[in-house]
2 protein chains.
Amino acid sequence: MLNYLSAGHGTRDAARFSAPVECSSCRARQLCLPAGATDHRNVDKLVGRRIKVSRDSNLYKAGDLVGNRFYAIRYGSFKNYRADAAGQPRITGFQMSAEFLALDAIGLQQHNCTAVALEDSEVCEISCGSMKPLLPFFHSILSKEITDEQNVALLLRNTRAEQRLAAFLLNLSWRYGVRGFSPARFRLAMSRRDIADFLGLTPESVSRLMFQFKDQNLINVTGRDVTLVDAIGLKQLAANAGGAPGAALDATPQTLPLPRGEL
Amino acid sequence: MLNYLSAGHGTRDAARFSAPVECSSCRARQLCLPAGATDHRNVDKLVGRRIKVSRDSNLYKAGDLVGNRFYAIRYGSFKNYRADAAGQPRITGFQMSAEFLALDAIGLQQHNCTAVALEDSEVCEISCGSMKPLLPFFHSILSKEITDEQNVALLLRNTRAEQRLAAFLLNLSWRYGVRGFSPARFRLAMSRRDIADFLGLTPESVSRLMFQFKDQNLINVTGRDVTLVDAIGLKQLAANAGGAPGAALDATPQTLPLPRGEL
DNA sequence: CGCCGCATTGATGTGACTCAAGGTGCGTGG
DNA sequence: CCACGCACCTTGAGTCACATCAATGCGGCG
């Protein structure tokens, strides 16, 4: 059980609860929910219970009842998948600490996607009701989530596989950096297959591209360990809409600050 | 001015205000904001002013100040575009009556995308503050918007151009149907180019596919007038992940009720 | 040791983009 | 009223990126 790389086949449902911790003492404090909130009285009332989710386990499955709750990740990381038009599960995104799960299910009776831990993780359960004192903040994270999803969709319209992978790596780098980890060296929590599925490519293409980037001295890779050697070069690659279709339009050139938030 | 087909080059900023109308007497009432709300006192307090937006005009542009407001479309339709990684504007979606604009900008200082009317339209301005009495509903539409964007991303991962266009047509059909228009016959509000841009294809491909569908007796097309002849066939096409990559994964087969909400 | 899943690598096919040219409908101006 | 111009749309031939198929290497686990 628990292969070196893995997550995928035979997920389990395990979920253990852990002792309550106050938000104010949480490592993810600066990035997570009430990032700007100075009123700590409200902050610590937000969180219901904490839930440990071991690697390859589901936090929730498509079809599970929602119950007006969502989750903030304390540590660890998740992949999120749901059925595509053909009924096949496809990865819709990866989430890491201080990011949220199930924001897309708030108005719903039951979840329409499944969240699987990529490593041993822990999440905080938050009831929407408890967000009342922080409504503007709550709304902004919902809104931001919409933007993030739009960014994913934009990425996928960038036909070229190169750009997708480059943007993906840059996005991860950015997110690690913000969390205090090295933005230049990190370990991928997900398999090539997961990456490929998320980017709408094949694992073979991802593999080849990784080595292409390596040959171009943009990155270093061995297995899941990635080092960004030339982030600027990567950015140029991600931006070069090379063979991408569309492109023209009205043209009100705006610059996107590049990867922001979850992918 | 105002060519037969158009929207695209030389958009304007015109915006006229019109006399207040009560939500309770609005044509879009059943689909729009407080769909289920029985308490009409709250309903009519939601809307600030109404804004007429003529064809090819912007409701807002990327960079405009937000001001804690969003919009519900009373009649007409819009396209929404923003800069991709290369700084080129790309269409992120189309919106029609009883759908919302600027939900992605709620926490922000300024808009990061531009909304252009595809035909003469009118929108209702809604301040987030006024949503207090309808918070659960408000949250559900935000949440639903996230889901819709995920659906777009899913669609775009379905590599095959056939499926993208089929799904797009079905989605439009569904949305027209829900609004009391014929789901089988409708007129596209957007150009081939807009469709192509949105779907990550080229106008040529869209054109060819339209005729391919016609040859297969799935639809009828002349210009922008579309008739769905064999919706079931189209659905099968949209679902047949034929040459799409990925596909496998853990497999917890779930069926997606197909097109729901905005694309 | 042998199995299995993941990752890599190569050979081949094809879908969709590219480039280029021609058709069509509407608006404009003579 | 007709001719022209301009988008938009269509259609065709050639090319290339990525998927597909297939085989091998590698590491962990039973």
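Every chain is numbered from 1, with letters handed out A, B, ... down the list of sequences.
With salt bridges taken as basic N to acidic carboxylate O contacts below 4.0 Å, none links Glu162(A) and Arg208(A). No salt bridge links Arg192(B) with Glu204(B); every basic N to acidic carboxylate O contact stays at or beyond 4.0 Å. The pair Arg55(B)-Asp120(B) does not count as a salt bridge, with every side-chain nitrogen at least 4.0 angstrom from each carboxylate oxygen.
OP1 and OP2 of dA7(C) both lie 4.0 Å or more from every side-chain N or O belonging to Ser207(A). Close to dC18(D), at under 4.0 Å from its OP1 or OP2, lies no side-chain N or O of Ser205(A).
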Would you tabulate the nitrogen or oxygen pairs shorter than 3.5 Å linking the protein to nucleotides 21-25 of chain D?
residue	atom	partner	partner atom	Å
dC21(D)	N4	Glu204(A)	OE2	3.2

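Regarding Met210(B), its CE atom lies at a distance of 12 Å from the C1' atom of dT10(D), rounded to whole Å. Put simply, CG on Leu209(B) is 9 Å from P on dC17(C), counting in whole angstrom units. Put simply, CG on Leu201(A) is 14 Å from C1' on dT20(D), counting in whole angstrom units. In this structure, the CZ atom of Arg192(A) is 13 Å from the C1' atom of dC26(D), given to the nearest Å. Between the CD atom of Gln212(A) and the C1' atom of dC18(D) there is a distance of 12 Å, given to the nearest Å. In this structure, the CG atom of Asp197(B) is 13 Å from the P atom of dC9(D), given to the nearest Å. Atom-to-atom, CZ of Arg193(A) to P of dT20(D) comes out at 13 Å; the value is rounded to the nearest Å. Here the P atom of nucleotide dC9(D) and the CG atom of Asp225(B) are 12 Å apart, to the nearest Å.
Panel note: side chain Ser97(A), backbone Tyr75(A); no donor-acceptor pair is recorded below 3.5 Å. With Arg90(B) contributing its side chain and Asp197(B) its backbone, the two residues share a donor-acceptor pair below 3.5 Å.
The side chain to side chain contact (heavy atoms under 4.5 Å, CB included) test applied to Ala161(B) returns Leu201(B), Leu209(B), not counting sequence neighbours.
Using five terminal pairs a side, the axes of the helix from dC1(C)-dG30(D) to dG30(C)-dC1(D) at its two ends make an angle of 30°, given in steps of 10 degrees.
Nearest nucleotide to the Arg224(B) side chain, out of dC8(D), dC6(C), dA19(D): dC8(D). Considering only side-chain atoms of Phe211(B), the nucleotide from dC18(D), dA7(C), dT11(D) that sits closest is dT11(D).
Phe198(A) and Leu156(A) make their closest contact through O-CD2, 3.9 Å (heavy atoms, listed as atom of the first residue, atom of the second, distance).
No side-chain heavy atom of Leu155(B) sits less than 4.5 Å from a side-chain heavy atom of Asp84(A).
Side-chain contact annotation: Ser77(A) with Glu119(A), donor-acceptor N/O pair under 3.5 Å present.
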